[in-house]
Amino acid sequence: MAEFQAPVGTRDVLPPESARWAALVARFASTVTRAGYGLVVGPMFEDVGVFERVGESTDVVRKEMYEFDDKGGRRIALRPEGTAPVVRAFVQHRPPVPFKAWYVAPNFRYERPQAGRFRQHHQVGVEALGTDDPDLDVEVVALCWEVARGLGLRHMTLLLNSLGDDACRPAYLEQLKAFLATKELCKEHRDRSVENPLRVLDCKRDECRAATAGAPRMVDHLCDDCRPHFERVQRGLTALGIPFEIEPRLVRGLDYYTRTTFELASGALESAQNAIGGGGRYDKLTEALGGPPTPGIGFGMGIERLLLACDEEGVFAGPERAVDVWVVDTTGGEAAGALAHVLRDAGIATDRSFDERSMKAQFKAADRSGARIALVVGEQEAAAGEVTVRDLGSGEQTTVPAPDVVDHVRKLLGE
RNA sequence: GUGGCCGUAGCUCAGGUGGUUAGAGCGCCAGGUUGUGGCCCUGGAGGUCGGGGGUUCAAGUCCCCUCGGUCACCCCA
């Protein structure tokens, strides 16, 4: 047991697993970039207020934040979620709308780790601000769906709901509150139900589950703005061939959501944590952070959970090899250095052995690396100014003049 | 925050009722093959038995504490 280990709830992602990680991020970036989303890079810690402002009654903010005072006495929190920082940046810089951004960043939540849950986890996500056009909802939800589909995931359920807006939600909340007042709730929500009755719908405990069985549903009380908005989102998704289920209990963990909320659940994950992505519309968030009224919508997807789901479904294995070519040099190693440099300069992924190991050892290393080709520089080749090119799959090899090596390798690699 | 299970080589694990120098497989290194990988054979390196305390003539093995891992509840990616 090493003296120092990664802190509780964190882990190290090393090669070769990290290559899969990088490939996932690249895939995500490609998908959303093609839809006009630009990368936003920001701090991974913020003034505590950025998060407090957006979710006072949520677990994430109430009891899971990593908070501390920095040396200047500022109250800091490691970001527990991705939306508030992007919205804070939007309010600070006021970029032209629609502002469509994507990110990849770590999130921190002080929870007990378990399968698919960490204290530091990583999310890729998008945020789009500046319009409440339901077509944007469709675009954003579709991106989330397509990213997962693109990885090869098939066993997924898209849950959809609408939480209404300022026009219809207050009246609904009163109804819900009145309904819940006659029920026995779990100890957690006995008091909190007044503060935020929606939370009760989300509670998994038996008491609350039973109490909310016949509760009024927000989707049945949407106003004349929200109802057609929600209907258009559904029509749009249907038109794109994206299947979804209306889930009236879907509240999500953060308070800022309005209208559309959604969650992508994996049917392949057997653990309790099966949400691989989630998000929704947050039309009041910019104002809460001191900005001009600006509607927005976004989602986040958990990289760890996406990869877990991929494991379960046996898809998205990641890159097979790290390099295509391995240089074997028994003349001291300088020739390997020179040859590797030339190949790398030509865009061919190349590695080599160090420490003047035996030819046998170098070939073993070549084999283990997964390289398809070994280049051999021994005494004979060095003397003749040649290089032996060996196909590690078939075992066939030929010796060519050193200047022709790159061309030969390219041909063998099928480029 | 609460609870279950588990901590022996880099990894996966053996080590009845406590008793001599703690083992295996895989991996790693070297040799068999003084210019060649995958298969095979041989050898080698590698362990504060998570840590601390206690019981005992004697603790990997029993007791306590602690740290860590894992799974679950709540909630979430």
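Just so you know, these numbers use all the heavy atoms, side chains as well, and skip hydrogens, waters and symmetry mates. A quick note: this is a predicted structure, and the numbers were derived from the prediction, not measured. Lettering follows sequence order; numbering is per chain, from 1.
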Which nucleotide in [options] has an atom nearest any side-chain atom of [X]:
{"X": "A:D202", "options": "B:G35, B:G68, B:C75", "result": "B:C75"}
{"X": "A:F118", "options": "B:C71, B:A77, B:G68", "result": "B:A77"}
{"X": "A:M359", "options": "B:U36, B:A72, B:C74", "result": "B:U36"}
{"X": "A:F363", "options": "B:G37, B:C75, B:C73", "result": "B:G37"}
{"X": "A:K364", "options": "B:U36, B:C74, B:G38", "result": "B:G38"}

Please evaluate the base of [N] for a donor-acceptor partner in the side chain of [X] within a cut-off of under 3.5 Å?
{"X": "A:D367", "N": "B:G38", "answer": "no"}
{"X": "A:Q362", "N": "B:U36", "answer": "no"}
{"X": "A:R368", "N": "B:C28", "answer": "no"}
{"X": "A:E64", "N": "B:C75", "answer": "no"}

Distance check, [atom1] atoms only: [N] and [M], in whole angstrom units.
{"N": "B:U42", "M": "B:U48", "atom1": "C1'", "result": "32 Å"}
{"N": "B:G44", "M": "B:G23", "atom1": "P", "result": "13 Å"}
{"N": "B:G60", "M": "B:A9", "atom1": "P", "result": "14 Å"}
{"N": "B:G16", "M": "B:U61", "atom1": "P", "result": "11 Å"}

Figure out the [atom1]/[atom2] separation between [X] and [N], and round it to whole Å.
{"X": "A:R11", "N": "B:U70", "atom1": "CZ", "atom2": "C1'", "answer": "14 Å"}
{"X": "A:R249", "N": "B:C75", "atom1": "CZ", "atom2": "C1'", "answer": "15 Å"}
{"X": "A:K360", "N": "B:C41", "atom1": "NZ", "atom2": "P", "answer": "13 Å"}
{"X": "A:E304", "N": "B:A77", "atom1": "CD", "atom2": "P", "answer": "13 Å"}
{"X": "A:R209", "N": "B:C74", "atom1": "CZ", "atom2": "P", "answer": "10 Å"}
{"X": "A:Q114", "N": "B:G68", "atom1": "CD", "atom2": "P", "answer": "17 Å"}
{"X": "A:E81", "N": "B:A77", "atom1": "CD", "atom2": "P", "answer": "9 Å"}
{"X": "A:R112", "N": "B:C73", "atom1": "CZ", "atom2": "P", "answer": "13 Å"}

Mind checking whether A:F262 and A:F299 have parallel, tilted or perpendicular rings, split at 30° and 60°? perpendicular
Atom CZ of A:F45 with >12 non-hydrogen neighbours under 6.0 angstrom: no
For B:A77, take OP1 and OP2 only and decide whether either is under 4.0 Å from a side-chain N or O of A:Q273. no
Presence of A:R357 side-chain N/O under 4.0 Å of B:A30 phosphate oxygens OP1/OP2: yes
Taking the six-membered ring for Trp, are A:Y110 and A:Y66 ring centroids under 6.0 Å apart? yes
Stepwise, does the side chain to side chain contact (heavy atoms under 4.5 Å, CB included) test hold for A:C226 with A:R259? CA-CA 7 Å; A:C226 290; A:R259 292 188 168 173; 3.3 Å; yes
For A:D351, give me all partners under side-chain contact (heavy atoms from CB on, under 4.5 Å), at least two apart in sequence or on another chain. A:V323, A:W326, A:R344
Go through residues 372-393 of chain A and report each residue with a non-hydrogen atom lying under 4.0 Å from RNA chain B, sorted by number. A:V376, A:Q380, A:E381, A:R390, A:L392, A:G393
The test is salt bridge (charged side-chain N to carboxylate O under 4.0 Å, His left out); show your working for A:E174 and A:K177 and say whether it passes. CA-CA 5 Å; A:E174 285 310 313; A:K177 219 180 288 186; 3.6 Å; yes
Under 5.5 Å between ring centres and under 30° between planes: does that hold for A:H121 against the base of B:A77? yes
A:V97 vs A:F90 side-chain heavy atoms within contact, under 4.5 Å: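 Side-chain contact under 4.5 Å: yes.
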Base-paired stems in RNA chain B, each at least three Watson-Crick or G-U pairs under 3.5 Å: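 As far as RNA chain B goes, consecutive pairing (with distances under 3.5 Å) yields the stems B:1-7 with B:67-73, B:10-13 with B:23-26, B:28-32 with B:40-44, B:50-54 with B:62-66.
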